[in-house]
> 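Got a structure here, written out as structure tokens. Questions coming.
In what follows, chains carry the letters A, B, and so on, assigned in the order in which the sequence lines appear, proteins first and then strands, with residues in each chain numbered from 1. Just so we're clear, the structure is a prediction, and the values are computed from it rather than from any experiment.
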Protein chains: 2
Amino acid sequence: MHTYIEDIAAHEGAEVTLKGWLHNRRSSGKIHFLILRDGTGFIQAVMSKAAVGDEMFKAADHLSQETSVIVTGTARADTRAPGGYEIDVKTLEVVGESHDYPITPKEHGVDYLLDRRHLWIRNERQQAILRVRHEIINAVRDFFNTRGFILADTPIFTPAACEGTTTLFPAQYFEEQTAYLTQSGQLYNEANAMALGRVYCFGPTFRAEKSKTRRHLTEFWMVEPEMAYADLNDVMDLAEGLVVSVVERVLDKRRRELGVLERDTSKLEAVKPPFPRMSYDEAVKRLNEQGLSFEWGGDFGGPDETMLAQQFDRPMMVHHFPAAIKAFYMKPDPARPELALGVDVLAPEGYGEIIGGGERLADLDLLVARIREHHLPQEAFEWYVDLRRYGTVPHGGFGMGIERVVAWICGLEHVRETIPYPRMLYRLYP
Amino acid sequence: MHTYIEDIAAHEGAEVTLKGWLHNRRSSGKIHFLILRDGTGFIQAVMSKAAVGDEMFKAADHLSQETSVIVTGTARADTRAPGGYEIDVKTLEVVGESHDYPITPKEHGVDYLLDRRHLWIRNERQQAILRVRHEIINAVRDFFNTRGFILADTPIFTPAACEGTTTLFPAQYFEEQTAYLTQSGQLYNEANAMALGRVYCFGPTFRAEKSKTRRHLTEFWMVEPEMAYADLNDVMDLAEGLVVSVVERVLDKRRRELGVLERDTSKLEAVKPPFPRMSYDEAVKRLNEQGLSFEWGGDFGGPDETMLAQQFDRPMMVHHFPAAIKAFYMKPDPARPELALGVDVLAPEGYGEIIGGGERLADLDLLVARIREHHLPQEAFEWYVDLRRYGTVPHGGFGMGIERVVAWICGLEHVRETIPYPRMLYRLYP
């Protein structure tokens with residue numbers, strides 16, 4: 001049995017064996033200071049010539065970055081150490097050598113690093129991001145699981161488009177068929193909610209986005225809850241509760257990682273309910289007041305979202321969008337049918353939309369008319385229309401893009417660092 | 001606010017509002033017995049003419065299956081009721097009608113039902129399966145999360161094959177590229193384990209299986225843990241711990257659903273450690289002793305797995321397979337290089353392989369030789385080879401197919417019922 005660095009406090013004063021990699025090394029005559037990492041943390045191992053003898057000390061002279069090593073020694077509390085502990089080395093064994101490790105402490109360009117993503121993730125900062133991602137995903141799941149939602153996976157292979165056909169990835173499905181990779185599990189979620197009441201799906205989704213922006217990946221993970229017997233207000237309450245819960249969890253469990261990322265946590269601590277809720281009408285007025293020439297009826301671009309969101313210290317919601325810019329399945333406002341009962345949640349600090357959702361169209365005739373208006377293949381949607389034929393109910397939900405949430409919470413410039421192996425227009429390797 | 005059927009016990013004697021669907025109805029003169037479902041459970045609502053008046057009583061005469069209804073009434077404990085409670089109805093409101101619901105209590109063929117999967121999942125038995133699936137997935141995640149494993153998602157779009165090229169689904173990746181849908185996240189897991197120590201991925205995987213068997217889907221979910229500094233024994237211990245933990249959790253939380261499925265839970269209660277561990281050599285001997293003509297060197301088929309597993313009351317492990325029938329990345333046994341340090345876990349009761357894994361090849365030269373022998377495109381695997389160039393360590397892990405585990409734990413004939421929307425050779429709808 002060996003000890004993980006994250007558990008070192010339980011072994012103070014005891015002899016432990018660590019198995020990991022050499023992250024960095026400096027020497028001062030008779031002492032080597034070895035920074036070890038094992039995936040759970042980083043720790044300084046102090047090797048003195050007096051303790052290990054000439055031979056082992058000399059061997060350690062040539063250890064290079066990312067050499068895998070097994071180190072045995074005594075765990076000692078040290079208030080100056082970042083993790084609070086150091087190791088006084090007794091023995092060191094090299095497991096695997098490492099020559100000319102391509103990612104050195106110096107600066108590298110992002111394409112160089114992305115080509116070596118399988119190694120780049122060993123970097124302390126990248127590890128911190130991936131640990132925060134892990135925590136966010138688990139916080140999301142716990143949120144839904146403890147509120148009576150059932151995870152119901154929706155298919156990746158779909159026979160038809162959901163969100164628009166220009167950004168679909170086709171896949172050859174055996175000899176004669178074409179399947180499209182899912183853009184959203186929502187339509188299936190609606191069927192699942194009619195069976196199971198409250199459901200969520202959480203899986204990869206695909207959009208053939210040709211735009212190279214800092215907010216887009218071609219393959220990204222999305223969580224999508226859906227509730228039967230719910231209206232737009234229920235959807236907004238759920239979205240608010242989810243975001244608050246996720247941020248609280250990361251602040252609670254991943255302070256160390258946020259520190260590595262130099263994240264200003266006061267910005268995250270401000271994420272408390274209630275979130276400001278603003279109609280699209282009001283949002284357009286605000287944009288115009290701020291001097292942006294934005295016309296009623298258009299969809300918000302990045303700069304619009306940034307300007308709207310930067311007026312608040314927490315996420316905000318915009319609701320009641322023009323129906324024309326929203327999906328065919330959105331319920332129109334009964335009082336003003338030109339509006340759709342949709343909502344977007346915009347993250348602060350310029351991160352833009354992280355959630356989109358709303359109340360769905362529950363009326364059979366209206367849905368059939370919409371499918372026609374949108375020139376969608378009705379046959380492929382027959383099953384979806386069935387949900388309105390057999391006991392339709394008001395229902396709604398939303399989708400939250402995980403990579404955008406990770407980028408926001410970690411304070412990153414670009415979503416490409418939020419997932420182990422980002423897929424983009426020109427990026428399919430490694 | 002309305003009450004969910006699963007929470008009804010907290011409201012005994014109180015007036016509650018239930019929102020759901022009419023599952024079934026029978027009447028006896030002056031009383032309607034309405035079985036309601038709301039996704040969280042089923043409950044009988046008793047509507048007497050005396051309590052609701054002639055008009056409402058008469059309206060309820062014509063309610064058909066899957067009509068969506070809101071029912072208000074008093075929750076009353078009744079030991080004869082399956083859930084322990086009934087509702088004495090005060091009012092009933094129809095939300096959405098349902099005419100000629102196509103899935104009646106009579107028997108339907110499986111193709112008919114699969115064509116209507118979006119409605120079939122409303123069935124009590126299908127709901128029970130999906131709830132057990134939900135529980136299994138969450139038990140898996142909790143198992144790894146509480147043991148220091150980090151969820152690190154591996155990509156769906158991959159540039160090259162991992163497990164063999166004949167069962168790959170190609171997807172068009174923008175104009176000029178082809179991406180293959182992942183068959184396993186394992187190679188990426190290995191890179192992630194070198195960064196994060198202990199990791200798992202959990203997502204959909206794809207195999208273009210042309211065989212129509214009761215164990216295969218083209219799209220299925222797999223959890224794959226991977227550990228740095230681990231050997232075959234560690235992998236076997238982890239697999240055993242996971243399976244035990246998942247079965248315990250379902251027995252603890254989903255007794256009701258197992259009851260709906262008429263599952264013999266004594267078979268599940270027998271799933272305790274230690275699991276029998278048997279070498280491939282020994283397994284071949286046993287098969288021959290049982291009268292099966294099985295030659296050393298072959299891979300087990302369904303009948304072989306069934307015969308091996310039926311000798312035990314719990315899952316069993318077979319290890320040390322012939323290297324020739326295992327993947328290129330398996331570590332050979334140093335003592336007998338014709339063997340690979342792989343392990344399969346076979347479920348009892350004829351369910352066959354649910355887990356496959358082992359220790360990975362950590363040696364640089366040997367790995368490069370293997371890639372050549374298998375005629376794999378070395379360039380596409382350069383990143384994977386890098387893991388042996390920069391601080392290689394012994395490591396291993398496995399993959400567990402969720403649908404097979406669900407089929408086994410639920411006691412199902414076929415994996416097609418273990419996922420909301422199964423994808424098979426001729427099945428892409430709904």
> Can you tell which part of B/L364 gets under 4.5 Å to a heavy atom of chain A, answering side chain, backbone, both or neither?
neither
> So, B/Q127 side chain and A/L196 main chain: donor-acceptor pair closer than 3.5 Å or not?
no
> Looking only at heavy atoms, which two atoms of A/W21 and B/A193 are closest? And how far apart?
CH2-O, 4.0 Å
> Return the minimal non-hydrogen interatomic distance between A/V95 and B/V393, and the atom names on each side.
CG1-CA, 4.2 Å
> So which part of B/I137 gets closer than 4.5 Å to some heavy atom of chain A, the side chain, the backbone, both or neither?
side chain
> Working to the nearest 0.5 angstrom, can you tell me the gap between B/Q172 CD and A/L168 CG?
11.5 Å
> Does B/D100 come within less than 4.0 Å of A/R389, counting only side-chain N to carboxylate O?
no
> Contact part of A/E190 toward chain B, heavy-atom cut-off under 4.5 Å: side chain, backbone, both or neither?
neither
> Please identify which of these residues, B/Y188, B/Y384, B/W383, meets the side-chain contact (heavy atoms from CB on, under 4.5 Å) condition with A/H118.
B/W383
> Shortest non-hydrogen contact from A/N192 to B/P420?
OD1-CB, 4.3 Å
> Please classify the contact of B/N138 with chain A as side chain, backbone, both or neither, using a heavy-atom distance under 4.5 Å.
side chain
> Among A/D142, A/D363, A/L428, A/V69, who wins on heavy-atom pairs under 4.5 Å with chain B?
A/L428
> Give, as side chain, backbone, both or neither, the part of B/Y200 having an atom under 4.5 angstrom from any heavy atom of chain A.
side chain
> Can you tell me how far apart OG1 (B/T40) and CD1 (A/I150) are? Round to the nearest 0.5 Å.
9.0 Å
> Looking at B/E135, B/R116, B/E66, which has the largest count of heavy-atom pairs under 4.5 Å with chain A?
B/E66
> Side chains of B/Y101 and A/D386 only: does a donor on one sit below 3.5 Å from an acceptor on the other?
no
> Under 4.5 Å from any heavy atom of chain B, what part of A/H99 do you find: side chain, backbone, both or neither?
backbone
> Ring centres under 6.0 Å, that's the criterion: do B/F206 and A/F157 meet it?
yes
> Between A/I70 and B/Y229, does a side chain to side chain contact (heavy atoms under 4.5 Å, CB included) hold up when you go through it step by step?
CA-CA 10 Å; A/I70 299 178; B/Y229 287 103; 4.0 Å; yes
> Between A/Y426, A/Y421, A/W221, who has the most heavy-atom pairs with chain B when the cutoff is under 4.5 Å?
A/Y421
> Need one label for A/R37: side chain, backbone, both or neither, based on atoms under 4.5 Å from any heavy atom in chain B.
side chain
> Mind running side chain to side chain contact (heavy atoms under 4.5 Å, CB included) on B/H134 and A/F149 for me, showing each step along the way?
CA-CA 10 Å; B/H134 161 90; A/F149 285 73; over 6 Å; no
> Going by atom types alone, do B/Y390 and A/T67 pair a side-chain donor with an acceptor below 3.5 Å?
no
> Test salt bridge (Lys or Arg N to Asp or Glu O under 4.0 Å) on B/R198 and A/E6; report intermediate values, then the result.
CA-CA 12 Å; B/R198 288 159 296 175; A/E6 67 183 355; 3.5 Å; yes
> How far apart are the closest heavy atoms of A/D153 and B/R133, and which atoms are they?
OD2-NH2, 2.6 Å
> Of all the heavy-atom pairs spanning A/L387 and B/R122, show the shortest one and how long it is.
CD2-NH2, 4.0 Å
> Could you look at A/V94 and say if it's the side chain, the backbone, both or neither that has a heavy atom under 4.5 Å from chain B?
neither
> Flag the one option from B/S98, B/G148, B/G41 with the top tally of heavy-atom pairs under 4.5 Å to chain A.
B/S98
> Would you mind telling me which of A/R117, A/E175, A/H2 has the largest number of heavy-atom pairs within less than 4.5 Å of chain B?
A/E175
> Heavy-atom cut-off 4.5 Å, strictly under: side chain, backbone, both or neither for B/W120 against chain A?
neither
> Who among B/I419, B/L130, B/D38, B/N145 has the most heavy-atom pairs with chain A under 4.5 Å?
B/N145
> Side chain, backbone, both or neither: which part of A/P204 has a heavy atom under 4.5 Å from chain B?
side chain
> Between A/N123 and chain B, which part of the residue has a heavy atom less than 4.5 Å away: side chain, backbone, both or neither?
neither
> In terms of heavy-atom pairs under 4.5 Å, which option from A/G96, A/S68, A/P102, A/P422 contacts chain B the most?
A/S68
> Which bit of B/E124 is near chain A, if near means a heavy-atom gap under 4.5 Å: side chain, backbone, both or neither?
neither
> For chain A, find which of B/D7, B/T218, B/V199, B/D234 contributes the most heavy-atom pairs closer than 4.5 angstrom.
B/T218
> Where does B/T178 contact chain A at under 4.5 Å (heavy atoms): side chain, backbone, both or neither?
backbone
> If you tally heavy-atom pairs under 4.5 Å against chain A, which of B/P394, B/A208, B/A362 wins?
B/A208
> Would you mind telling me which of A/G391, A/A179, A/P430, A/G197 has the largest number of heavy-atom pairs within less than 4.5 Å of chain B?
A/G391
> What distance separates B/M194 CE from A/L119 CG, expressed to the nearest 0.5 Å?
11.0 Å
> Once rounded to the nearest 0.5 Å, what's the spacing between atom CG of B/L181 and atom CZ of A/F169?
10.5 Å
> Can you tell me which portion of A/L425 sits under 4.5 Å from chain B's heavy atoms? Options are side chain, backbone, both or neither.
both
> Do B/Y429 and A/E382 touch side chain to side chain, with heavy atoms closer than 4.5 Å?
yes
> Using heavy-atom distances under 4.5 Å, tell me whether A/F202 contacts chain B through its side chain, its backbone, both, or neither.
backbone
> Counting only heavy atoms closer than 4.5 Å, note whether B/Q177 contacts chain A via side chain, backbone, both or neither.
side chain
> Go through the atoms of A/A380 and report whether side chain, backbone, both or neither lie under 4.5 Å from a heavy atom of chain B.
backbone
> Is any side-chain N of the basic residue among B/E97 and A/R388 closer than 4.0 Å to the acidic one's carboxylate O?
no
> In terms of heavy-atom pairs under 4.5 Å with chain A, which of B/P170, B/A228, B/A152, B/S64 leads?
B/P170
> Above 12 or not: heavy atoms from other molecules or residues under 6.0 Å from CZ of B/F174?
yes
